[in-house]
Number of protein chains: 4
Amino acid sequence: MGTLEGMSIDEPGEDCGAVTPRPLRRDAERNRQRILCAASEVLAERGLDATLDDVAHKAGVGVGTVYRRFPGKEALIGALFDDRLSSLVAIGERALAEPDPWTGLVSYLEAAAELLTADRALRQILMFTAFGRDQAARARAQLQPVVTRLVSRAQDAGCVRADLRATDVPFAVFMLAAAADYARPVRPATWRRYLALLLDSLPPARSATTPLPEPPLSPAEMQSAMQCGPVYLR
Amino acid sequence: MGTLEGMSIDEPGEDCGAVTPRPLRRDAERNRQRILCAASEVLAERGLDATLDDVAHKAGVGVGTVYRRFPGKEALIGALFDDRLSSLVAIGERALAEPDPWTGLVSYLEAAAELLTADRALRQILMFTAFGRDQAARARAQLQPVVTRLVSRAQDAGCVRADLRATDVPFAVFMLAAAADYARPVRPATWRRYLALLLDSLPPARSATTPLPEPPLSPAEMQSAMQCGPVYLR
Amino acid sequence: MGTLEGMSIDEPGEDCGAVTPRPLRRDAERNRQRILCAASEVLAERGLDATLDDVAHKAGVGVGTVYRRFPGKEALIGALFDDRLSSLVAIGERALAEPDPWTGLVSYLEAAAELLTADRALRQILMFTAFGRDQAARARAQLQPVVTRLVSRAQDAGCVRADLRATDVPFAVFMLAAAADYARPVRPATWRRYLALLLDSLPPARSATTPLPEPPLSPAEMQSAMQCGPVYLR
Amino acid sequence: MGTLEGMSIDEPGEDCGAVTPRPLRRDAERNRQRILCAASEVLAERGLDATLDDVAHKAGVGVGTVYRRFPGKEALIGALFDDRLSSLVAIGERALAEPDPWTGLVSYLEAAAELLTADRALRQILMFTAFGRDQAARARAQLQPVVTRLVSRAQDAGCVRADLRATDVPFAVFMLAAAADYARPVRPATWRRYLALLLDSLPPARSATTPLPEPPLSPAEMQSAMQCGPVYLR
DNA sequence: GATGAATGAGTATTCATTCAT
DNA sequence: GATGAATGAATACTCATTCAT
């Protein structure tokens, strides 16, 4: 899980950041990462009902170690959320850096959906988990201005309908993630079909139809999706 | 739950009937219905994590009775699924009865999404639960022809783009359900906003933009949704 | 454990009492008694730290059964407390029935200490566990008037010093129980030695010589002690 | 904790000493003292359930250091016990130095009870914890002669009943500690009331009326009680 | 047939103790 | 020697499922 490896490990030299109360010992940090990776994988496989024992086993550590690094299950999931949130913010900022407003918005939707699509745990976390007041606040505080700017910039350029709002964007991403959740085991890219559909509804006055890039699921694939799809039932 | 009430109850004497293993005794069938109703209500409120004791209590019977009527929790949920599936088929047939093809398709999407929106467990079931081979097959067998007809009829009438497929329809419903799952505790009708958006992308060449019928969530409502939203985390 | 066997089982005929919501099924009540007995024994042996699994094992039932009958560990111990409390009240009433005031007070102290002495769990419960407000209140409400009467009656008869208070009595019992706790494995009756010593300090002759230096706890303080006292229950 | 501070620290160089395995390095000894102090405070507050992590934190050292200095939790508590034992012996010796035999005995009882009263863990230790054979032996070896002398001296002076024994004294202290444990959160000095009561039963005049019914524990029995007594230490 | 009592594997979490850094 | 990271057995409690009444 490349995303996790590269994050939040202070390089040996740059410890002058000084915000973190104390950098973890090398091995502790390594285990922290292992735990996050394992959590991500296990949760992706078995959903949020996965046990911390499973996570610990996958990470190759004892349960106690998980509890040493995270106050509890919810906190561990919260850490995952925080990490992914940073990625989303980065995605948003890259999208804002895009000179063309339309391309910017589209690339945000695409990259955000791609991120969610690649990680089921993240979809569940973003879509279904109630978090503590502060985490939710942080998420909003970081993402909202970026997304707001993306939308209003596109509206000012006349390429997006005037009644679209910034809060519609996460909904679009959730909806795409829901589609992805369903189709992924059969044909992972299916969600792009619905992104295209969605984009078709965005221009103030649509002129030409975009041909849908992905074929629909065949009835057989559809059935197969229903059988091996995400299991939340215990 | 009207659908449940109306199920045909075989008279005690005519057990010589062909396929059905044996018609239930009058009181047994009454209990079966009570259990399904109770399950429907309890699961709609609390989702799939509701306990069978809760269901039994709500139904006014003992747990043992639930197990006498259904092999287990999954089977009970499966029966609910079947019931809802019938509702969906009925919805589809009503939509087909609609003379105008476009109105027919739209009313199907609307009614199907409405059904999912009112029942949390149903959303979870449809979106996340893997069912047995036969149930999935039955679902497909019953729904697919109806939906296929709805789509092709609309395409023949020239009011829907040619590259839309029947399997896109359940995806649309799932996506709307995902939106509903998220926004429901704050503003339950929000999903209609996204149905409108979606419909805007369906015509072969869109002429006028449909004004979105529901306002978007305010940032504050958005945050509140994140806090009290569907909790799958135990 | 004879005391437990005879208690709180409604005789088949006398169900007109009607206070209890519903009499337990025969087997359920039998198991309830088994659990209480086992709890009493196990707690007596291993102290309040004994696990409910131990209790269940001793009772020959599964843990779930224990939890079906009692909401949790504390509730189980509370039930034990309630049972013993009834015994104490009965002891107090027998003591009041005694015509001679001095004999009455002495027999209460003796019988109460005997009760505590025979059951270590009870000693711990009475001495160390903080219970819910209502249980403590019930204990006080039932015992206090009886004990108050025992003391004042003896004082009126001139056989007990005037500065003794009703709240001194439970303290005496606790102190004897502490002695019993210690000496029991070696010589179980040792506490009687200290009861005799204590009784020697009660006649009024002594109060002239040494007035008691600290005021006794008021009934309200006593109750407050029962509520915030040392909690050894985990 | 004055007693702890004053312990003799062998100089680094003179490790050729006889019995002591090896004098600790200066800093090691300092840590040992810090740990004992911290343990004393933490245990006094929270009782024996306090964790070693708490102790280590309070002492400003790592848990590992605690384990380097003491084999385990029980050993640490044992060391505390030893320390308190020294205090008791000192108290006893001060009491013996008292010219008046009665005052001597009373001041021992008072000071000993005061010591126990101030430290919850100590109460638990003295009253409930079974210690290793050697610790109990040491306790007896050190305390018994002092207490025996205190008692017999008072008896010789004619101010204490003849049937009192040395082993009655620790029982008196335990009983007072039990009272203290109970009343402490409400009115900490309450135990003095019961000390006064107890003292009232000691003069020889009393023994004429009621000969004590049970023999006292012999010193050997006392020791045996200390070893097999109720164990609350986990 | 109905009931609800009994079961016990499973879950999150804690803490004394060990061991790598 | 000191540190604190890692360990995992233990504990209270839940709930789907079975079975005696």
J.: What integer distance in Å separates A:Arg69:CZ from E:dT13:C1'?
T.: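 It is 17 Å, rounded to the nearest whole Å.
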J.: What is the distance from atom CZ of D:Arg120 to atom CZ of D:Arg46, rounded to the nearest 0.5 Å?
T.: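 These two atoms lie 10.5 Å from each other.
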J.: Can you tell which of F:dT17, E:dA12, F:dA6 lies closest to the side chain of A:Thr51?
T.: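 Closest nucleotide among those given: E:dA12.
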J.: Check the distance between E:dA2's P and B:Phe70's CZ and give it to me in whole angstrom.
T.: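 So the CZ-P distance, B:Phe70 to E:dA2, works out to 12 Å.
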J.: For the side chain of B:Lys73, counting heavy atoms from C-beta on, which of F:dG1, F:dA16, E:dA5 is nearest?
T.: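 Selected nucleotide: F:dA16.
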J.: What contact category does C:Val61 fall into here, base, sugar-phosphate, or nothing, at under 4.0 angstrom with non-hydrogen atoms?
T.: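 Contact class for C:Val61: sugar-phosphate only.
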J.: Rounded to the nearest 0.5 Å, what's the gap from CG on C:Asp49 to CG on D:Asp49? Could you check?
T.: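 Reported value, rounded in 0.5 Å steps: 6.5 Å.
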J.: Looking across every strand, which nucleic acid part, if any, lies under 4.0 Å from A:Gly64 by heavy atom: base, sugar-phosphate, or nothing?
T.: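 The residue A:Gly64 makes base contact.
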J.: Map D:Arg68 and B:Gly72 onto DNA chain F by nearest heavy atom, then report which one ends up closer to the 5' terminus.
T.: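 Residue closer to the 5' terminus by nearest nucleotide: D:Arg68.
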J.: Expressed as a whole number of angstroms, how long is the span from D:Tyr67:OH to F:dG4:P?
T.: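 In whole Å, F:dG4 P lies 16 Å from D:Tyr67 OH.
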J.: Ignoring hydrogens, what is the shortest heavy-atom contact between C:Leu43 and C:Leu80? Give both atom names and the distance.
T.: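 Smallest heavy-atom distance, with atoms named: CD1-CD2, 3.7 Å.
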J.: From B:Ile77 CD1 over to B:Phe70 CZ, what is the distance, rounded to the nearest 0.5 angstrom?
T.: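 Output value for this atom pair is 11.0 Å.
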J.: Return the 5'-most residue of the pair D:Val63, A:Val63 with respect to DNA chain F, ranking by each residue's nearest nucleotide.
T.: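 Whichever sits nearer the 5' end wins; that is D:Val63.
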J.: Can you tell which of A:Val63, A:Val61, A:Leu36, A:Val42 makes a side chain to side chain contact (heavy atoms under 4.5 Å, CB included) with A:Val55?
T.: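 The residue from A:Val63, A:Val61, A:Leu36, A:Val42 that satisfies side chain to side chain contact (heavy atoms under 4.5 Å, CB included) with A:Val55 turns out to be A:Val42.
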J.: CD1 of B:Ile35 versus P of E:dG1: gap in Å, rounded?
T.: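 Going from CD1 in B:Ile35 over to P in E:dG1 covers 13 Å.
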J.: In this structure, how many angstroms lie between the C1' atom of F:dA10 and the CG atom of C:Asp54, rounded?
T.: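 Spelled out: CG on C:Asp54 to C1' on F:dA10 is 11 Å.
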J.: Is it the case that the side chain of A:Lys73 and the backbone of A:Leu48 share a donor-acceptor pair, with hydrogens and angles ignored and the cut-off at 3.5 Å?
T.: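 Yes; at least one donor-acceptor contact below 3.5 Å.
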J.: Using the side-chain heavy atoms of C:Asn31, tell me which of these nucleotides is nearest: E:dA2, E:dG8, E:dA6.
T.: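 Output: E:dA6.
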J.: Rounded to the nearest 0.5 Å, what separation is found between the CZ atom of A:Arg69 and the CG atom of A:Leu76?
T.: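 It is 12.5 Å, given to the nearest 0.5 Å.
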J.: Between C:Asp53 (CG) and E:dA9 (P), how many Å, whole number?
T.: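 Rounded to the whole Å, the gap is 11 Å.
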J.: Using whole Å, what does the distance between atom P of nucleotide E:dG10 and atom CG of A:Leu52 come to?
T.: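 Those two atoms, CG and P, are 16 Å apart.
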J.: Could you check which of F:dA6, F:dC13, E:dT7 has an atom nearest any side-chain atom of C:Thr65?
T.: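 For the C:Thr65 side chain, the nearest candidate turns out to be E:dT7.
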J.: Nearest whole Å is fine: how far is E:dA2 C1' from B:Arg30 CZ?
T.: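 Going from B:Arg30 (CZ) to E:dA2 (C1'), I get 11 Å.
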J.: How does DNA chain F read in dot-bracket, base by base from 5' to 3', with Watson-Crick or G-U pairs under 3.5 Å and | used when the partner is on another strand?
T.: .||||||||||||||||||||
